[in-house]
Peer 1: 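Attaching a single structure in structure tokens format; questions to follow.
Model, not experiment: these values are computed from the prediction. Letters go in sequence order (proteins before strands), and every chain restarts at 1.
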Number of protein chains: 2
Amino acid sequence: MRDAGEKNVTASAGRNELPARARRKRAGNGAARPDDADEVGLDALVGHAGYAVRRFQIWIFQDFVRTLAAVDIRPTQYSVMTVIGANPGLSQMAVAKRLGIERARLVHLLDSLERRKLVKRIKSKTDRRSHALHLTAQGELSLTKFKQLAAEHERHVEEKIGKANRERLLQILAGFT
Amino acid sequence: MRDAGEKNVTASAGRNELPARARRKRAGNGAARPDDADEVGLDALVGHAGYAVRRFQIWIFQDFVRTLAAVDIRPTQYSVMTVIGANPGLSQMAVAKRLGIERARLVHLLDSLERRKLVKRIKSKTDRRSHALHLTAQGELSLTKFKQLAAEHERHVEEKIGKANRERLLQILAGFT
DNA sequence: TATTGTTATACTCTATAACTATA
DNA sequence: TATAGTTATAGAGTATAACAATA
């Protein structure tokens, strides 16, 4: 059981096999090529989790951006505000570590959120190198709205892959959060 | 059943709830903050598929790059070579469409692969605007090696999330390939 | 010496627009 | 006029290195 089906990582699997139609087209005529995307076989890519995950991630981020376009908030900005909201007083290093963002990049993200009066940096009294991060009053209010829109986005995901599959996905990937 | 558990998209779920220890730390003392990443709660992010998928995708790409570092091939380069190998004669537009890559970006990817003698552009006789893409003999040979390493990477994924989970993931996301 | 926040650089990737040569 | 390939630009994101202030 454990050793079965190892080969199909690199072998073409049934569903995405190059369609017979496309094969025929090219067989008799060197010039004819498939012009429709669905006639192009993916070969080994079919068996790669990373390829599927990347395509899905692109879709999901685009839907997130689209759904929150009215409030002009991108996924990373949302994650930063959510973590600060749940852990007020956090340092920049702590946020960066928790979210896997480079601390250099977080500087710019916070600059932008601070300009928009959603987040504020407060000098720490115990360690004067670091900043305590807080949402502003407006930030708190805005985050509530962002979370509503993010929940709407999440429903789009559910519609796209199904409620049970979405939950299974969260379970499978829980270790990476 | 269909309407149950809708709220937990924005509510903190059990597993990633802010630990009592961290909450205690901050309760009596405004200055104390969680310094360890695992003491920082994620709040609404826990319920977002996009967040888990993004973190997983980062891990999986890093492992792919690491595993294929000896041959200096990145995920996108691998996907381009695999599709050309399986569909020789394809135009740049067809490859770009199939993989969801901007055609402007594919130009640079192909420049790089062509410099390395892995891929060649051949002027089409039927449509002089377009190029027929082929692997070189060396490209064919190299791709075989790349596929072996990619299969090794895929085994890392299996070790990380489990064989059954990896297969379930591929099933759930099959529609995005 | 080490760490926090910052600035800077380089490279990948996404998203556009515009140009050329064909069709 | 539309399309294939190309060039260019701008912004997000990743990966580094180096610096000042502070620990």
Peer 1: Mind calculating the distance between CZ (A:R66) and P (C:dT14) to the nearest angstrom?
Peer 2: 16 Å
Peer 1: Going by the angle between their ring planes, with limits at 30° and 60°, are A:H153 and A:H156 parallel, tilted or perpendicular?
Peer 2: perpendicular
Peer 1: Are side-chain N/O atoms of A:R55 and A:Y51 paired as donor and acceptor at under 3.5 Å?
Peer 2: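 Result is yes, a qualifying pair exists.
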Peer 1: Please list, by residue number, the residues of residues 51-62 of chain B whose heavy atoms come closer than 4.0 Å to an atom of DNA chain D; answer none if no residue qualifies.
Peer 2: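 By residue number: B:I58, B:Q62.
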Peer 1: For DNA chain D, whose closest nucleotide is more 5', that of A:K125 or that of A:I101?
Peer 2: A:I101
Peer 1: Does anything in residues 69-76 of chain B come within less than 4.0 Å of DNA chain D? Heavy atoms only, and list the residues if so.
Peer 2: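 Heavy-atom cutoff 4.0 Å gives no residues at all.
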Peer 1: For B:R128, which contact category applies under a 4.0 Å heavy-atom criterion: base, sugar-phosphate, or nothing?
Peer 2: sugar-phosphate
Peer 1: Where the side chain of A:R129 is defined as all heavy atoms beyond and including C-beta, which of C:dT7, C:dA2, C:dT22 is the nearest nucleotide?
Peer 2: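 From the listed options, C:dA2 comes nearest.
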Peer 1: Are B:Q92 and D:dT6 close enough that a side-chain N or O sits under 4.0 Å from OP1 or OP2?
Peer 2: yes
Peer 1: The side chain of A:A104 is closest to which nucleotide in this list: C:dT7, C:dA15, C:dA23?
Peer 2: C:dT7
Peer 1: Should B:R121 be listed as having a side-chain N or O under 4.0 Å from OP1 or OP2 of D:dT6?
Peer 2: yes
Peer 1: Take A:L110 and B:R105, find for each the nucleotide of DNA chain C with the closest heavy atom, and name the residue whose nucleotide sits nearer the 5' end.
Peer 2: A:L110
Peer 1: So which nucleotide from D:dA4, C:dT6, C:dT16 ends up closest to the side chain of A:H131?
Peer 2: C:dT6
